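Read the structure below first, then the notes.
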Amino acid sequence: MKTAPAARPHATHEVLNQVPPLAGYDVADDPALLEAAGREGADWDAGRLHELGRLAGAADTQEHARLANEHPPVLRTHDSRGNRIDEVEFHPSWHVLLGTAVGYGLHAAPWADTRPGAHVARAAAFYVWSQAEAGHGCPVSMTYAVLPALRHAPDLAQQFEPLLTAAAYDPGLRPPAGKAGLLAGMAMTEKQGGSDVRAGTTRAEPVPGDTGGAHLITGHKWFCSAPMSDLFLVLAQAPGGLTCFLLPRVLPDGSRNAMRLQRLKDKLGNRSNASAEVEFDGALAWPVGAAGRGVPTIIEMVSATRLDCVLGSAAGMRRGVVAAAHYTAHRQAFGKDLIAWPLMGSVLADLSLESEAATTLAIRLAGAADRAARGDAAEAALLRVALPAAKHWVCKRAPLHAAEALECLGGNGYVEESGMPRLYRDSPLNSIWEGSGNVTALDLLRALRRQPATADALAAELALAAGADGRLDKAIGQLRAGLAGLGAAGPDAEYAARRLAGQITLALQAALLVRHAPAAVADAFCASRLGAGEGAAPGGPGVPFGTLPDGTAVGEILDRARLVPR
Ligand SMILES: Cc1cc2nc3c(=O)[nH]c(=O)nc-3n(C[C@H](O)[C@H](O)[C@H](O)COP(=O)(O)OP(=O)(O)OC[C@H]3O[C@@H](n4cnc5c(N)ncnc54)[C@H](O)[C@@H]3O)c2cc1C
């Protein structure tokens, strides 16, 4: 009797020229990040950053990230007996990711840490851990950002701050006071408007006879992410005008507050995270900040989350270029490693320049936030102008960057298993959150018009790089002329908003690179982004990646970013 031939994995061919998984590496092995974090005062956290970096690059973590996205959250409106429960069920991998983030203090921990640089250390760690999975960063960021706003209600802050800053992930709906740690969200956007929050129709009515300021909230919110959080900042129309309130999911007596989850959004990206449509049917809440001052109060939360949008976009870029470099270093075409072909090298170097500039600026902004939180007015003024500019520009560059990084993997980059489609789908979101492109750019104009100290702080920051590079000097001169011509409000001034956001960001990035990065990086950035001088890329940064001028030190740029296997 004939025996069957031994089973072979593939009957027709050997599997050749496929790339090993990018796993088991230290995500924090990122010179631009480490140097920037050191400059901004967080050297003391380098050991922990590498520990988190190794965790972020581990195969197990990557598997959790995949599972959390392939098994998105499910809404459970009722229990088996028909009682309303309004809970969201997550895959266990979501809890692992979020639990790690909270355990490393990426949420509100730095607000309880008096060490200078605590916010920078947290920003660097957030950047590193976001490269593992971006979706769970949403509740992490919102919890980080809630503190400055919550402090407008000292009694509530005293009660909840220790739990919001505790490095304990304690999921599940229970009375906040009895939990080991809390997460917070925000609910501003309504069906009829998200940018124009003053058009909100949700009402707040004082509870008759209550001396503690309790109000009943009635209305809806159209996007309310991380709805399993313990506390929410909510905007509502109170008798004294639009006011910010703190609304707990569970009341002190253990009953569920009247916050109903209507459905979850079926989203482009950010699929591991739940974003709900909610209704408040007389939900109990307590004011945060003065009546009628809802927008200025919640803006403090918005501003802190904007920093995370920049960090998150920079993290996505780094993840993209590392994946692209890894792939091209292990895949051959036409007899050579892809990375060794000049044009692929140029694409990777260009992606790397964008990534290094984004990282360097994001961590500089985290340094400004750290010092502003400790009372430094000049850094607060710089942040007021640099943050909306960077939020606009860096977050808008991210999808272009992700698309190009994905293409370095050829067809494999288009396939889910590579992780690149998730990176691409997640990439536009930071630009929409916390003020979409136009709104953020208009906010930049508002800052420049109303607070002259912001332009002074920007000028002082750029002056630190004066004389170091002629192209940068010229760009700063053009920016100065643009700012001087801002004039009164009107269509022309508004048209300038996006342009200015780009000019300011590029000038800040170039100034930082000229001062701190290797000459090859700074020179190539100025040559390709500032659009002046011999051999400049046609059209500057608006053109696709991979158009670096002749003579660019591609090898040095890739080495610098540790993108070539050693
Ligand atoms: C995944 C996801 C999660 C979210 N989670 C939350 C959450 O947890 N809490 C929350 O409150 N919100 C959340 N949002 C909502 C988000 O903040 C809003 O979508 C955003 O602020 C824009 O509001 P809108 O969708 O109503 O758009 P609109 O306000 O209708 O704006 C539409 C477009 O017009 C532009 N625009 C608006 N005004 C002007 C103007 N004056 N001049 C020029 N252009 C203008 C905007 O930039 C935008 O591009 C989430 C959104 C998404 C996608």
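Predicted model only: the values in this text are computed from it and were never measured. Order of listing sets the numbers, starting from 1, for every ligand and every atom in it.
Scanning all protein heavy atoms for the shortest distance to atom 20 (C) of ligand 1 gives I432 O, 3.8 Å. From the protein, the heavy atom lying nearest to atom 46 (C) of ligand 1 is S436 OG, 3.7 Å. Looking only at heavy atoms of the protein, atom 4 (C) of ligand 1 is closest to W433 NE1, 3.1 Å. Scanning all protein heavy atoms for the shortest distance to atom 39 (C) of ligand 1 gives V439 CG2, 4.4 Å. Nearest non-hydrogen protein atom to atom 15 (C) of ligand 1 is T189 OG1, 3.2 Å. Counting protein heavy atoms only, atom 13 (C) of ligand 1 is closest to F223 CB, 3.3 Å.
Aromatic ring pairs are classed by plane angle as parallel below 30°, tilted from 30° to 60° and perpendicular above 60°; the pair H91 and H71 is parallel.
Distance screen at 4.0 Å: atom 34 (O) of ligand 1 has no protein heavy-atom neighbour inside the cut-off. Taking a distance limit of 4.0 Å, we find that atom 9 (N) of ligand 1 is approached by some protein heavy atom.
For the side chain to side chain donor-acceptor pair (under 3.5 Å) with E87, the qualifying choice from R249, H78, R76, R256 is R256, the only one to do so. Among V295, L233, V197, the single residue meeting the side chain to side chain contact (heavy atoms under 4.5 Å, CB included) criterion with M188 is V197.
Only the backbone of C224 comes within 4.0 Å of ligand 1, judged by heavy-atom distances. When heavy-atom distances to ligand 1 are checked against a 4.0 Å cut-off, N273 has no atom that comes that close, whether in backbone or side chain.
Looking at N257, its side chain never comes within 3.5 Å of a backbone N or O of M259 through a donor-acceptor pair. Between the side chain of K267 and the backbone N or O of N270 there is at least one donor-acceptor pair closer than 3.5 Å. Between the side chain of S355 and the main chain of L351, no donor-acceptor pair closer than 3.5 Å is present. Judged purely by atom type and a 3.5 angstrom limit, R122 uses its side chain to pair as donor or acceptor with the backbone of L106. For the pair Q237 (side chain) and G200 (backbone), a donor-acceptor distance under 3.5 Å is present. Panel note: side chain K179, backbone G172; a donor-acceptor pair is recorded below 3.5 Å. Put simply, the side chain of H220 gets close to the backbone of K191: a donor and an acceptor are under 3.5 Å apart.
Taking the ring centroids of W94 and H64, they lie at or beyond the 6.0 Å cut-off.
Here is the list of ligand 1 atoms found below 4.0 Å of a heavy atom in S225: 3 (C), 4 (C), 5 (N), 6 (C), 7 (C), 8 (O). Proximity to L442 (heavy-atom distance under 4.0 Å) selects the following atoms of ligand 1: 40 (C), 41 (N), 42 (N). Ligand-side atoms of ligand 1 in range of G194: 23 (O), 24 (P), 26 (O), 29 (O), range being under 4.0 angstrom from any heavy atom. Interface of K267 with ligand 1, defined as ligand atoms under 4.0 Å from a residue heavy atom, comprises 1 (C).
In terms of heavy atoms, S272 sits closest to G135 at OG-CA, 3.4 Å.
Residue M186 has at least one nitrogen or oxygen atom sitting less than 3.5 Å from a nitrogen or oxygen atom of ligand 1, judged on distance alone. Not one N or O of S275 is nearer than 3.5 Å to an N or O of ligand 1, by distance alone. On a distance-only criterion, S195 and ligand 1 share at least one N/O pair closer than 3.5 Å. For a threshold of 3.5 Å applied to N or O pairs, the pair formed by A187 and ligand 1 contains no separation below that value. Geometrically, ligand 1 and M188 share a nitrogen or oxygen pair separated by less than 3.5 Å.
Evaluated by nearest non-hydrogen atom to atom 43 (C) of ligand 1, the leading choice among N438, T440, V278, V302 is N438.
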